[in-house]
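Chain A is the first sequence line, chain B the second, and so forth, proteins listed ahead of strands; every chain is numbered from 1.
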Number of protein chains: 2
Amino acid sequence: MYPVLLHELHKKVTLSAEQEAAIVSQFVPKKLKKRQFLHQEGDVTQRMSFVEKGAVYSYSTDTHGAQHVVQFGFEGWWIGDLYSFFTQKPSRLNIEVLESCEVLTLTLESHELLLKTIPPYETYMRLLYQNAYVALLNRVENSLGLPAEEIYSRFMEQYPFIFSRVPLHLIASYMGITPVTLSRIRKQAAS
Amino acid sequence: MYPVLLHELHKKVTLSAEQEAAIVSQFVPKKLKKRQFLHQEGDVTQRMSFVEKGAVYSYSTDTHGAQHVVQFGFEGWWIGDLYSFFTQKPSRLNIEVLESCEVLTLTLESHELLLKTIPPYETYMRLLYQNAYVALLNRVENSLGLPAEEIYSRFMEQYPFIFSRVPLHLIASYMGITPVTLSRIRKQAAS
DNA sequence: AAAAAACCTTAACAAATGATAAGGAAATCA
DNA sequence: TGATTTCCTTATCATTTGTTAAGGTTTTTT
């Protein structure tokens, strides 16, 4: 049951069988098909989601109606609007399914219960955020202030597998460039 | 002693007098003057630093010799290369003093000791990373893929005080634009 | 106080990127 | 299967942003 979640937990902490069961029992699974929404902007984030299978992405819509991809989520990744989840304020993000999914969802109450009662769960969360922060800073360093071609080549190097699972125009948006620019760059890079 | 550090700790967790003393005892203070370096690229990050007083900034140098400001650090903020600190691999960042500083430094051994022995310290760290992640994602959303003018106005709104403490060319670099572009934008904005 | 360095702005020009539109391929749907 | 939608590329033109260089102010150093 939930092999991907268990694998992720065990990569960071050691758990007794009881602790493992207590954690798993708090997750509620949910199946979603391509193009369904896991979350819509304006709603308060009730649940964080762990992607057990499939792929999703989140995006925001700016004042001119343009969409900006914020993050992707594949097996073993968490997805959700942390800001909205912890503050219980309305979210500006949409989360849409790219490949039919099984996600495991967790409410704020469940999260806080686990933090209080299962010390290794808190350790897992600390390491999760710590790694997420380092990865995100890496994203900033590999995109902000660099020419589009450089952003592309660094992304290619780091996440080659994403190209086979995500449409190019979403990758372009994630990089902060237009699909047309991405196309131009790829043409150059191929020669 | 270390009023800023204590204030930051108490904002997130409650500590007994003994716990507080145990935490504080692990920090080693260090005074630095303007333009001194807290850290140089190529070195392994031996210590994370908490800014008790003053201001610093970190930057990386790309393959063409261009510098990119990665983050600023003011009173109450942490500064350092988390990646290098936790992996003990050489860092690509430089950290330079903007305003004469008192920083409180912590080794990886001290950090791990506190995590093991003082549960609220781990909670503090979890919340610290959690908030840092949310703030950083906010930075990404407020810069990546937006026109320079939009990046500027959002930055202005969020961190107005930084303009009075940091040279504009460093702010431009932080935003991922050139000083010349920033100057142009400010001229427009003033009219 | 004088000299040097750092910082900011401006102008002119070059380069990169965005916007729009069109065509065709690929994937999805009925 | 045939129709529809989504996706990617390409071309053209407009706009934004970068580059370089110069001048002047402010700050720092001697």
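Under 4.0 angstrom from either OP1 or OP2 of C/dG18 there lies at least one side-chain N or O belonging to A/T178. For the pair A/T181 and C/dT17, the criterion of a side-chain N or O lying under 4.0 Å from OP1 or OP2 is not met. Distances shorter than 4.0 Å separate some side-chain N or O of A/R186 from OP1 or OP2 on D/dT9. Listed pair A/H169 / D/dC8 meets the phosphate criterion, a side-chain N or O lying under 4.0 Å from OP1 or OP2. The phosphate of C/dC8 (OP1 or OP2) has no side-chain N or O of B/K187 nearer than 4.0 angstrom.
Out of C/dA6, C/dT17, D/dT17, the shortest distance to the side chain of B/R35 is found at C/dA6. The listed nucleotides are D/dT17, D/dC8, D/dT6; the one nearest the side chain of A/L168 is D/dC8. Taking only side-chain atoms of A/P167, from C-beta outward, the nucleotide of D/dC7, D/dT19, C/dA21 with the closest atom is D/dC7.
Whole-Å rounding puts the B/I171 CD1 to C/dC7 P distance at 12 Å. Nucleotide C/dT28 holds its C1' atom 15 Å from the CG atom of A/L98, rounded to whole Å. Rounded to a whole Å, the CD atom of B/E150 is 13 Å from the P atom of D/dT16.
Salt bridge present: B/E150 and B/R154 bring a charged side-chain N and a carboxylate O closer than 4.0 Å.
A donor-acceptor pair is defined here as one N or O able to donate and one able to accept, closer than 3.5 Å; no such pair exists between the side chain of B/Q71 and the backbone of B/S58.
Ring planes of A/Y57 and A/F72: tilted class, angle from 30 to 60°. Classified by interplanar angle (parallel below 30°, tilted 30° to 60°, perpendicular above 60°), the ring pair A/F155/A/Y159 is tilted.
Across all strands shown, B/I177 has heavy atoms under 4.0 Å from sugar-phosphate atoms exclusively, and none from any base.
Along DNA chain D, the nucleotide nearest B/R184 and the nucleotide nearest A/L170 are compared for position; the residue whose nucleotide lies closer to the 5' end is A/L170.
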